[in-house]
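The block underneath contains the structure these notes are about, expressed in structure tokens.
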Amino acid sequence: MTHTILPRAFYDQSTLDLAKALLGKLLVHETSEGICSGYIVETEAYRGPDDQAAHSYNNLRTKRTEVMFGENGHCYAHVMHTHCLINVVSGGVDRPEGVLIRALEPVDGIDLMYKRREKAKREKDLTSGPGKLTKALNITKADYGKSFFQPPLYIAEGKEVSQISMGPRIGIDNSGEAKDYPWRFWETGNPYVSR
DNA sequence: TGTTCGATGTCCT
DNA sequence: GGACATCGAACAC
């Protein structure tokens, strides 16, 4: 199994374009237990300084958001309730934007994903949510700041996506008018989308 | 040092 | 459709 890892330069595009471009790409994590991967089928864009729903709204720079002020293509991992969520950093240095990866279509290491996600009954339950996919691939806060263009954690060429749908983002009801921005993207009709 | 609150998932009705 | 578990980060003292 050889994958073509997307180069560093792939991440040098606008955050909205990147959110769409990431659909169909393959997210891979190699661990001592084995390799797990899945096609990205759902993303959300968070546009830093001017986006009330973003953690980096108003250029808020803290220990948590620090990595978003750095280089594109790195990993912004943070803990939400008891789960870990991951973003791909974009926007360029000193512009804190990112793309949240919300759902995957499982490809490799499906048995291992079941083992890590005991509560999942069907394949559809393995990675159909931002907290689910990190558990299935064993991505944690320890991956904060790593890049997505070199093993063991990387994004590679995947499949063609026939049609993309867009709509409001999920779970940000307290974000003023930003809650209505149509910055969530998913592959139309894909059963692994979170909702 | 204490309090508050989520970019969620799961179970229950 | 609703309750709740449970953790770290942010912020107020």
Side-chain angles (χ1 to χ4, degrees), chain A residues 14-16 18-20 22-23 27 36 38 40-70 72-91 95-106 110 112-146 148 155 165-187 191-195:
Chain A
S14 78
T15 298
L16 291 178
L18 182 63
K20 285 177 273 193
L22 282 171
L23 294 175
L27 176 64
C36 285
I40 297 169
V41 297
E42 182 181 359
T43 61
E44 282 179 6
Y46 284 87
R47 303 189 66 192
D50 308 317
D51 180 0
Q52 256 183 96
H55 293 152
S56 52
Y57 175 56
N58 206 20
N59 275 321
L60 180 67
R61 187 166 189 157
T62 64
K63 190 167 96 180
R64 182 173 67 155
T65 61
E66 181 64 30
V67 71
M68 283 196 284
F69 288 83
N72 288 350
H74 283 231
C75 175
Y76 168 42
H78 71 96
V79 175
M80 164 57 48
H81 292 81
T82 56
H83 307 280
C84 180
L85 280 59
I86 52 166
N87 293 239
V88 180
V89 172
S90 60
R95 190 165 174 89
E97 306 190 353
V99 177
L100 171 67
I101 299 177
R102 284 195 60 89
L104 301 179
E105 174 182 338
I110 292 180
L112 183 51
M113 292 189 200
Y114 270 111
K115 189 175 153 193
R116 288 170 174 157
R117 296 223 347 103
E118 283 186 356
K119 300 195 172 155
K121 298 278 187 285
R122 302 162 299 173
E123 192 166 314
K124 189 178 180 308
D125 300 321
L126 289 176
T127 55
S128 57
K132 297 178 189 176
L133 71 92
T134 55
K135 187 162 185 193
L137 267 61
N138 194 29
I139 298 171
T140 68
K141 198 168 66 70
D143 296 300
Y144 180 95
K146 293 184 180 173
F148 280 113
I155 296 173
S165 298
M166 61 192 291
R169 293 170 291 179
I170 304 289
I172 54 164
D173 291 344
N174 296 326
S175 301
E177 59 183 41
K179 74 177 170 52
D180 297 321
Y181 297 166
W183 291 349
R184 170 175 173 245
F185 305 93
W186 66 96
E187 180 183 17
Y192 297 97
V193 168
S194 65
R195 61 181 73 175

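What you see is a predicted model; the values in this text were computed from it and never measured.
- Across all strands shown, dA7(B) forms no Watson-Crick or G-U wobble pair with both key distances under 3.5 Å.
- At the heavy-atom level, I172(A) lies under 4.0 Å from the strands shown only through sugar-phosphate atoms.
- Nearest to the side-chain atoms of L60(A) among the listed nucleotides dT6(C), dC11(C), dA7(B) stands dC11(C).
- Relative to the side chain of K141(A), the nucleotides dG9(B), dG8(C), dC11(B) differ in distance, and dG8(C) lies closest.
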If you apply the rule side chain to side chain contact (heavy atoms under 4.5 Å, CB included), what do you find for Y46(A) with I172(A), and how did you get there? CA-CA 11 Å; Y46(A) 284 87; I172(A) 54 164; 3.9 Å; yes

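- You'll find that the side chain of K119(A) is closest to dT10(B), out of dG9(B), dT6(C), dT10(B).
- Between the NZ atom of K135(A) and the C1' atom of dT10(B) there is a distance of 11 Å, given to the nearest Å.
- Rounded to an integer number of Å, the gap from H81(A) NE2 to dC5(B) C1' is 7 Å.
- The shortest distance between the side-chain N/O atoms of K121(A) and the OP1/OP2 oxygens of dT10(B) is not below 4.0 Å.
- Atom CD of E97(A) and atom P of dA7(B) are 18 Å apart (whole Å).
- The side chain of R64(A) has dA10(C) as its nearest neighbour among dG9(B), dA10(C), dG6(B).
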Intermediate values then yes/no, side chain to side chain contact (heavy atoms under 4.5 Å, CB included), R116(A) and C36(A): CA-CA 11 Å; R116(A) 288 170 174 157; C36(A) 285; 3.5 Å; yes

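- Between E42(A) and R184(A), the closest side-chain pair of non-hydrogen atoms falls below 4.5 Å.
- Nearest-nucleotide positions on DNA chain C place M80(A) closer to the 5' end than the other of K63(A) and M80(A).
- dA7(B) atom C1' lies 14 Å from atom CD of Q52(A), rounded to whole Å.
- In this pair, H78(A) does not lay its aromatic ring on the base of dG8(C); centres under 5.5 Å and planes under 30 degrees do not both hold.
- In this structure, N174(A) reaches the sugar-phosphate backbone alone: every heavy-atom distance under 4.0 Å involves primed, P, OP1 or OP2 atoms, never a base.
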Go through the steps to decide whether Y76(A) and L100(A) satisfy the test side chain to side chain contact (heavy atoms under 4.5 Å, CB included), and finish with yes or no. CA-CA 9 Å; Y76(A) 168 42; L100(A) 171 67; over 6 Å; no

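- Lacking a ring centre under 5.5 Å from that of the base six-membered ring together with a plane angle below 30°, H83(A) does not count as stacked on dT8(B).
- Side-chain atoms of S56(A) and T65(A) form no donor-acceptor pair, as typed in the model, at a separation below 3.5 Å.
- Nucleotide dA9(C) holds its C1' atom 14 Å from the CD atom of E66(A), rounded to whole Å.
- Applying the 3.5 Å distance criterion, the base of dA7(B) shares a donor-acceptor pair with the side chain of H55(A).
- Within the shown strands, dG2(B) is the pairing partner of dC11(C) under the Watson-Crick or G-U definition, both distances less than 3.5 Å.
- Between the CZ atom of R169(A) and the P atom of dG6(B) there is a distance of 15 Å, rounded to whole Å.
- R117(A) comes within contact range of the sugar-phosphate backbone alone, with a heavy-atom separation under 4.0 Å but no base atom that close.
- Taking atom CZ of R61(A) as the reference point, atom P of dA9(C) lies 18 Å away to the nearest angstrom.
- Between N87(A) and V89(A), every side-chain heavy-atom pair lies at or beyond the 4.5 Å cut-off.
- Here the C1' atom of nucleotide dT10(B) and the CG atom of D125(A) are 11 Å apart, to the nearest Å.
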